[in-house]
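Just so it is clear, the model here is predicted, and its values are computed rather than measured.
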Amino acid sequence: MLTTSKYPSSKGDITLISITNASGARTVLSTLGAGIVEVNVPDKNGHLDDVVLGYANPADYIGDGPCAGKCPGRYANRIAGGKLCVEGKCYQLEINNGPNALHGGSEGFQNQIWTLEKAEGNTVVMRYDAADGEANYPGALTARATYVWTDDNELQLTLYATTTAPTVVNLTNHAYWNLAGHNAGSVLDEKLTLNASRYLPTDSTLIPEGVLVPVAGSPMDFTKAKALGHDIKMQFPALIYGKGYDNCWAVDNYTPGKVQTVAVLSDEATGRCLTVSSDQPGVQIYTGNWLAGSPANKAGRSYDDYDGVAIECQDFPDAPHQPAFPSTLLLPGERYCRHINFKFSV
């Protein structure tokens with residue numbers, strides 16, 4: 001069953017789309033930033049709870065620091081110094097995260113109302129048309145987000161883009177998960193496994209140094225299930241720079257176009273498990289280190305730091321400056337296509 005509702009905002013009406021599958025599990029999507037605002041799934045006793053962090057007021061997602069639930073762009077994550085050169089032409093992007101550009105700037109795709117192209121059955125399609133020169137990126141770019149909510153509790157997201165001029169694209173979803181429930185408090189007891197034996201060390205501003213380093217013997221090792229909080233207070237550069245985990249891992253056996261398991265998050269108390277699969281080369285893990293002060297959540301309080309974890313399948317941060325990284329260049333006539341699937345089970 002699919003229903004829609006509208007809410008006013010400073011950017012116009014926001015449409016929320018609610019999809020309930022055959023088992024009664026429900027997801028709610030938003031045209032603001034093509035966002036995920038609710039995912040209600042059962043625990044081991046069949047009790048439904050909302051496991052995605054979000055706000056009471058649909059308009060509070062506009063310009064929120066956490067970028068909760070939304071699809072940032074045109075380039076998710078960071079570009080060093082906001083300096084972008086594409087085929088010999090250079091552009092200065094907005095500096096909005098220390099000395100760097102983050103998530104396409106303060107008016108990135110995550111803070112725009114996308115056009116609802118389809119809302120039918122278990123499928124929602126949203127489109128955003130970015131003008132040539134918007135946020136100083138070259139090329140008019142059309143992005144689409146297609147969501148499918150299946151009867152076996154999998155939320156499938158496919159991200160598309162085309163451009164009129166050479167540009168760079170990096171799209172993902174920035175939902176924060178807490179499998180005990182969005183208002184359950186700290187997520188640090190939940191266990192994470194990553195299909196990633198290497199990560200991207202960064203400088204103190206979270207820009208990658210350009211190398212992939214084995215995780216073995218470090219607090220970055222999630223090759224076996226480990227509580228998010230197990231090593232988070234260790235005196236390790238990555239954890240000091242980000243006040244917790246805020247790094248990109250390189251997915252093992254990455255093959256363009258091949259969807260594979262990237263991450264598994266589990267909560268022992270509820271029995272819930274989230275399996276994330278994707279065809280993206282990297283996964284950014286962010287343990288909500290700066291969630292405090294967020295808008296009032298769906299239970300009426302501001303979230304605290306570490307109340308949720310973002311599992312962002314994406315291309316590597318700062319790839320335009322790193323020729324050894326997979327390219328994020330998109331040319332006219334080409335079609336960007338990436339898949340991210342969130343499968344819930346007990």
### Task
Just do the side-chain contact (heavy atoms from CB on, under 4.5 Å) check on Thr123 and Thr146 with the steps written out, would you?
CA-CA 7 Å; Thr123 303; Thr146 296; 4.2 Å; yes

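- The cluster map of Ile, Leu, Val, Met, Phe, Trp and Tyr, joined by side-chain heavy atoms under 4.5 Å apart, puts Ile19 and Ile340 in the same cluster.
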### Task
Apply the test side-chain hydrogen bond (donor to acceptor under 3.5 Å, both in side chains) to residues Asn40 and Asp49: give CA-CA distance (whole Å), side-chain angles for both, the deciding distance (0.1 Å), then the verdict.
CA-CA 5 Å; Asn40 296 272; Asp49 208 346; over 6 Å; no

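- Phe344 has its ring centre less than 6.0 Å from the ring centre of Trp177.
- The environment of Asp305 atom CG is dense: over 12 non-hydrogen atoms of other residues, nucleotides or ligands sit within 6.0 angstrom.
- Closest approach of Ala76 and Thr172 over heavy atoms only: CB-CG2, 3.7 Å.
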### Query
Yes or no on side-chain contact (heavy atoms from CB on, under 4.5 Å) for Cys337 and Thr158, after CA distance, side-chain angles and deciding distance?
CA-CA 7 Å; Cys337 177; Thr158 307; 3.9 Å; yes

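- Counting only N and O atoms by type, the side chains of Ser266 and Arg272 include no donor and acceptor under 3.5 Å apart.
- A salt bridge does not link Lys224 to Asp221: none of the charged nitrogens lies less than 4.0 Å from a carboxylate oxygen.
- A 4.5 Å side-chain heavy-atom check between Val187 and Asp189 finds every atom pair outside the cut-off.
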### Task
Take Phe222 and Tyr245 through the test ring pair (Phe, Tyr, Trp, His ring centres under 6.0 Å) and record every step on the way to the result.
CA-CA 12 Å; Phe222 285 92; Tyr245 291 101; 5.2 Å; yes

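- Between the side chains of Asn178 and Asp307, not a single donor N or O lies within less than 3.5 Å of an accepting N or O.
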### Worked verdict on Leu2 versus Asn122 for side-chain contact (heavy atoms from CB on, under 4.5 Å)
CA-CA 7 Å; Leu2 184 150; Asn122 66 345; over 6 Å; no

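- Hydrophobic clustering places Ile17 together with Phe342 (ILVMFWY residues linked when any side-chain heavy atoms are closer than 4.5 Å, directly or through intermediates).
- Using a cutoff of 4.0 Å between basic side-chain nitrogens and carboxylate oxygens, Lys70 and Asp64 are scored as salt-bridged.
- The shortest distance between side-chain heavy atoms of Leu291 and Leu53 falls below 4.5 Å.
- Remark: Asp129 engages Arg127 in a salt bridge, criterion side-chain N to carboxylate O under 4.0 Å.
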### Message
Applying ring pair (Phe, Tyr, Trp, His ring centres under 6.0 Å) to Tyr55 and Tyr61, what does each step give before you reach the verdict?
### Response
CA-CA 7 Å; Tyr55 312 132; Tyr61 289 85; 4.6 Å; yes

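- In this structure, Glu94 contributes its side chain and Leu102 its backbone to no donor-acceptor pair below 3.5 Å.
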### Task
Using the side-chain hydrogen bond (donor to acceptor under 3.5 Å, both in side chains) rule, take Arg26 and Asn21 through it: C-alpha gap first, then chi angles, then the decisive distance, then the call.
CA-CA 6 Å; Arg26 181 170 64 103; Asn21 67 16; over 6 Å; no

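- The number of heavy-atom neighbours closer than 6.0 Å to CD of Glu117, taken from other residues, nucleotides and ligands shown, is above 12.
- The backbone N or O of Phe109 lies less than 3.5 Å from a partner atom in the side chain of Trp114, making a donor-acceptor pair.
- Between the side chain of Gln260 and the backbone N or O of Asn253, at least one donor-acceptor pair lies under 3.5 Å.
- Counting only distance, with no hydrogens or angles, the side chain of Tyr176 and the backbone of Pro66 share a donor-acceptor pair below 3.5 Å.
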### Task
Output, in order, the C-alpha distance, side-chain angles, deciding distance and verdict of side-chain hydrogen bond (donor to acceptor under 3.5 Å, both in side chains) for His182 and Tyr303.
CA-CA 9 Å; His182 85 89; Tyr303 288 113; 2.6 Å; yes

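- Between the CG atom in Asn100 and the CG atom in Asp318 there is a gap of 7.5 Å [rounded to 0.5 Å].
- For Asn97 and Arg78, the side-chain atoms include at least one donor-acceptor pair closer than 3.5 Å.
- Between Val276 and Asn341, the closest side-chain pair of non-hydrogen atoms is not below 4.5 Å.
- At a threshold of 4.5 Å between non-hydrogen side-chain atoms, the residues Lys6 and Ile14 do not count as touching.
- In plain terms, the two heavy atoms of Pro138 and Thr167 that are nearest each other are O-OG1, 2.9 Å.
- Listed here is the closest heavy atom pair of Ala34 and Cys71: O-SG, 3.5 Å.
- Note on Asp267 versus Lys191: no salt bridge recorded, every NZ/NE/NH1/NH2 to OD/OE distance being 4.0 Å or above.
- Counting only heavy atoms from C-beta outward, the side chains of Tyr336 and Thr163 never approach each other to under 4.5 Å.
- More than 12 heavy-atom neighbours from other residues, nucleotides or ligands sit within 6.0 angstrom of NZ on Lys226.
- Between Glu107 and Lys11 there is a salt bridge, since at least one side-chain N of the basic residue sits less than 4.0 Å from a carboxylate O of the acidic one.
- The closest donor-acceptor contact from the side chain of Ser9 to the backbone of Asp13 lies at 3.5 Å or more, if one exists at all.
- Taking all atoms of both residues into account, the shortest heavy-atom contact from Asp43 to Asn45 is OD1-N, 2.9 Å.
- With hydrogens and angles disregarded, a donor-acceptor distance shorter than 3.5 Å links the side chain of Gln280 to the backbone of Cys313.
- Side-chain contact between Arg144 and Met126: absent, with no pair of heavy atoms (C-beta onward) separated by less than 4.5 Å.
- There is no side-chain donor-acceptor pair under 3.5 Å between Asn289 and Asp246.
- Side-chain contact between Phe236 and Ser218 is present, with heavy atoms from C-beta onward closer than 4.5 Å.
- Using a 30° and 60° split on the angle between ring planes, Tyr286 and His174 fall in the perpendicular class, above 60°.
- Criterion: ILVMFWY side-chain heavy atoms under 4.5 Å apart, direct or through other members. Under it, Tyr137 and Leu331 are part of a common hydrophobic cluster.
- Side chains of Gln284 and Asn247: no donor on one and acceptor on the other come within 3.5 Å.
- Note on Val168: it does not cluster hydrophobically with Leu330, by side-chain heavy-atom contacts below 4.5 Å among ILVMFWY residues.
- In plain terms, the two heavy atoms of Ala25 and Leu48 that are nearest each other are CA-CD2, 4.3 Å.
- The backbone N or O of Ser294 sits less than 3.5 Å from a side-chain atom of Ser302, completing a donor-acceptor pair.
- Evaluated for a side chain to side chain donor-acceptor pair (under 3.5 Å) with Gln314, the options Asn173, Thr328, Asn77 yield exactly one hit, Asn77.
- When all heavy atoms of Glu87 and Pro166 are compared, the closest pair comes out as OE1-CG, 3.3 Å.
- Without hydrogens or angle criteria, Asp231 side chain to Met220 main chain gives no donor-acceptor distance under 3.5 Å.
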### Query
Under the ring pair (Phe, Tyr, Trp, His ring centres under 6.0 Å) criterion, do Tyr306 and Trp290 qualify, and how do the steps go?
CA-CA 8 Å; Tyr306 314 112; Trp290 303 94; 9.0 Å; no

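- The backbone N or O of Ala319 sits nowhere less than 3.5 Å from a side-chain atom of Gln322 that would complete a donor-acceptor pair.
- In terms of modelled atom types and a separation under 3.5 Å, the side chain of Asp279 and the main chain of Pro256 share no donor-acceptor contact.
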### Task
Apply side-chain contact (heavy atoms from CB on, under 4.5 Å) to Leu329 and Val86, showing your working.
CA-CA 8 Å; Leu329 180 68; Val86 180; 3.7 Å; yes

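- Cluster annotation: Leu155 is not connected to Val259 through the hydrophobic network of ILVMFWY side chains, with a link wherever side-chain heavy atoms come within less than 4.5 Å.
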